[in-house]
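Notes follow the structure.
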Amino acid sequence: MKPAPFTRHVPRTLDEALKILAQVAPQDGRVLAGGQSLVPIMAFRLAKPAHLVDINDVAGLDRVMSDRKILSIGACVRHAAFHKPVVDNPLGKLLAFVARHIAHYPIRMRGTFCGSLAHADPASEWCLVAATLDATMVAKSMRGERLIAAKNYFEGIMATALAEDELLAEVRLPLLARDAKFGFNEFNRRAGDFAMAAALVTYRLKDGMIIEARIGVGGAEPCPRRVAEAEAALNGHEPDDKIFRAAAEAAANAVDPLVDHQTNADYRRDLVRAVVRRALEHSLQ
């Protein structure tokens, strides 16, 4: 199929983009960056925006910048930018590892980090990263700038706290401690398919004990999120198979699984149990 007719706007500055978006948002105007999520659903006419605001020519939106605490990712930064570490910090290695699991190479060359978060597919790897690491979303509009914490950003399947006239201009990720460990695992039926369940974990060791544990689960519920019950099962314990299995069990019991014609609740819980345990095992490598 082909998309329904639409008008494409190509602003050159951020202010121009925000002005156009304010004008066309009431007519289901959408922002176009990589288009790897939006264009396919337009082709199937699941979305019929009358206007597209193409931000690819807006200067400065393709930058990745870091200071001592924060990594800032602009709205047009491609997935492929993270094929190699973008910062000398464990976060750089984490992002590079996760990036290799996103779809296929051609998609990573066009799709964008912020676009993935704006689309908010439950199976998105970057959405899981944002939720687990407590990212801050920078939303901009003609009304000003708004900072949205990850815990308040995701509202449901492909639903976010962004207003219709807001552009997700930047995502800010806190850098990890120098001694932080991380692990990631996802399950999909074929390489490049959407994850049916995914897990990201980070923690530190102090005197051989786990501290500051973060366990995020995606793909299993309408929104990715940290699982406090699983984090509690880790903190204060030595990292070993027994405690990893306990944390995985806690995560499986805590989720409210998505169910469809192929996947019942028990199966989805079992996937959560598996990906959390495997992510924790990966953290020791």
(request) Test K19 against D15 for salt bridge (Lys or Arg N to Asp or Glu O under 4.0 Å), laying out the working first. (result) CA-CA 6 Å; K19 287 179 182 178; D15 283 346; over 6 Å; no
(message) Would a single hydrophobic cluster contain both F187 and V129, if residues Ile, Leu, Val, Met, Phe, Trp and Tyr are joined by side-chain heavy-atom contacts under 4.5 Å?
(response) no
(request) Only counting residues at least two apart or in another chain, list the ones meeting salt bridge (charged side-chain N to carboxylate O under 4.0 Å, His left out) with R189. (result) none
(request) Verify, without hydrogens or angle tests, whether Y153 (side chain) and L117 (backbone) share a donor-acceptor contact under 3.5 angstrom. (result) yes
(message) Count I, L, V, M, F, W, Y as connected when their side-chain heavy atoms are under 4.5 Å apart, and connections chain through other members. Are F97 and L71 then in the same cluster?
(response) yes
(request) Can you sort out the partners of D179 under salt bridge (charged side-chain N to carboxylate O under 4.0 Å, His left out), two or more places apart, ordered by chain and number? (result) R204
(message) Is any side-chain heavy atom of R143 closer than 4.5 Å to one of D165?
(response) yes
(message) I want to check something: taking the side chain as every heavy atom from C-beta on, are D54 and L52 in contact at a cut-off of under 4.5 Å?
(response) no
(message) Looking at every non-hydrogen atom in both residues, tell me the closest pair between R30 and A47 and how far apart they are.
(response) NH2-CB, 4.1 Å
(request) With rounding to the nearest 0.5 Å, note down the distance linking CZ in F154 to CG in L128. (result) 9.0 Å
(request) Is it possible for you to say whether W126 and I148 belong to one hydrophobic cluster, with membership spreading through side-chain heavy-atom contacts below 4.5 Å? (result) yes
(request) Grab the two heavy atoms, one from D193 and one from N188, that are nearest each other, plus how far apart they are. (result) O-ND2, 3.2 Å
(message) Please determine whether residues V171 and V138 belong to a single hydrophobic cluster, defined as Ile, Leu, Val, Met, Phe, Trp and Tyr linked transitively by side-chain heavy-atom distances below 4.5 Å.
(response) no
(message) Given 3.5 Å as the limit, does a donor-acceptor pair link the side chain of N56 with the main chain of A33, or not?
(response) yes
(message) I'd like to check L200 versus L94 (side-chain heavy atoms, cut-off strictly below 4.5 Å). Are they in contact?
(response) yes
(message) Between D28 (side chain only) and A50 (backbone N and O only), is there a donor and an acceptor less than 3.5 Å apart?
(response) no
(request) Kindly indicate whether the side chain of T136, heavy atoms from C-beta on, has any atom under 4.5 Å from the side chain of I70. (result) no
Which atom pairs, donor and acceptor, lie under 3.5 Å between side-chain atoms of residues 106-113 and protein residues at least two apart or in another chain?
unit_1 : atom_1 : unit_2 : atom_2 : d
R108   : NE     : H83    : NE2    : 2.9
R108   : NH1    : I102   : O      : 2.9
T112   : OG1    : G115   : N      : 2.9

(request) Would you check if L205 and P239 make a side-chain contact, meaning some heavy-atom pair closer than 4.5 Å? (result) yes
(message) Would you say that F182 contacts H282 through its side chain, given a criterion of any heavy-atom pair below 4.5 Å between the two side chains?
(response) yes
(message) Does N152 have more than 12 heavy atoms from other residues, nucleotides or ligands lying within 6.0 Å of its CG?
(response) yes
(message) Could you measure the distance from the NZ atom of K206 to the CE atom of M209? Nearest 0.5 Å is fine.
(response) 12.0 Å
(request) Starting from the C-alpha separation in whole Å, work towards a yes-or-no answer on side chain to side chain contact (heavy atoms under 4.5 Å, CB included) for S116 and H79. (result) CA-CA 9 Å; S116 182; H79 304 315; 4.2 Å; yes
(request) Output, in order, the C-alpha distance, side-chain angles, deciding distance and verdict of side chain to side chain contact (heavy atoms under 4.5 Å, CB included) for V201 and L234. (result) CA-CA 11 Å; V201 304; L234 283 182; 5.7 Å; no
(request) May I ask you to decide whether E281 forms a salt bridge with R277, counting only side-chain N to carboxylate O separations under 4.0 Å? (result) yes
(request) In plain terms, say whether D260 and R268 are close enough for a salt bridge, that is, a side-chain N and a carboxylate O under 4.0 Å apart. (result) yes
(request) Heavy atoms only: give me the nearest A159-A120 pair and the separation to one decimal. (result) N-CB, 4.1 Å
(request) Could you grab the distance from atom OH of Y203 to atom CG of N235, nearest 0.5 Å is fine? (result) 11.5 Å
(request) Just jot down the salt bridge (charged side-chain N to carboxylate O under 4.0 Å, His left out) partners of E166, sequence neighbours excluded, or say none. (result) R146
(request) Check whether the side chains of N264 and D266 place a donor and an acceptor atom closer than 3.5 Å, and report yes or no. (result) no
(request) Give, for atom SG of C127 and atom NE2 of H119, the distance between the pair rounded to the nearest 0.5 Å. (result) 9.0 Å
(request) Measure across A233 and I243 and return the closest heavy-atom pair with its distance rounded to 0.1 Å. (result) O-CD1, 3.2 Å
(message) Nearest 0.5 angstrom please: L133 CG to R172 CZ, how far?
(response) 16.0 Å
(message) Within the 4.5 Å heavy-atom criterion, are F82 and V98 side-chain neighbours or not?
(response) no
(message) With heavy-atom distances below 4.5 Å as the criterion, would you say the side chains of V276 and V227 are in contact?
(response) no
(message) List the residues meeting side-chain hydrogen bond (donor to acceptor under 3.5 Å, both in side chains) with R214, not counting sequence neighbours, and say none if there are none.
(response) D134
(message) Once rounded to the nearest 0.5 Å, what's the spacing between atom NZ of K181 and atom CG of L284?
(response) 7.0 Å
(message) Taking salt bridge (charged side-chain N to carboxylate O under 4.0 Å, His left out) as the definition, give me every residue that meets it alongside D270, ordered by chain and number, with sequence neighbours left out.
(response) R273
(message) Exactly one of T7, L32, L21 should register a side chain to side chain contact (heavy atoms under 4.5 Å, CB included) with H51. Which one does?
(response) T7
(request) Could you pull out the closest heavy-atom pair between T160 and E155, with the gap in Å? (result) O-OE1, 3.1 Å
(request) Determine, using the 4.5 Å side-chain heavy-atom cutoff (strictly less than), whether Y267 and V275 are members of one ILVMFWY cluster. (result) yes
(message) Between N89 (side chain only) and L176 (backbone N and O only), is there a donor and an acceptor less than 3.5 Å apart?
(response) yes
(request) Please report the shortest heavy-atom distance between T132 and G216, naming the atom on each side. (result) OG1-CA, 3.2 Å
(request) Evaluate the side chain to side chain contact (heavy atoms under 4.5 Å, CB included) criterion for residues I55 and C76: first the C-alpha distance (whole Å), next the side-chain angles of each, then the deciding distance (0.1 Å), finally the verdict. (result) CA-CA 8 Å; I55 61 172; C76 287; 3.6 Å; yes
(message) If you count every heavy atom of other residues, nucleotides or ligands that lies below 6.0 Å from Q27 atom CD, does the total exceed 12?
(response) yes
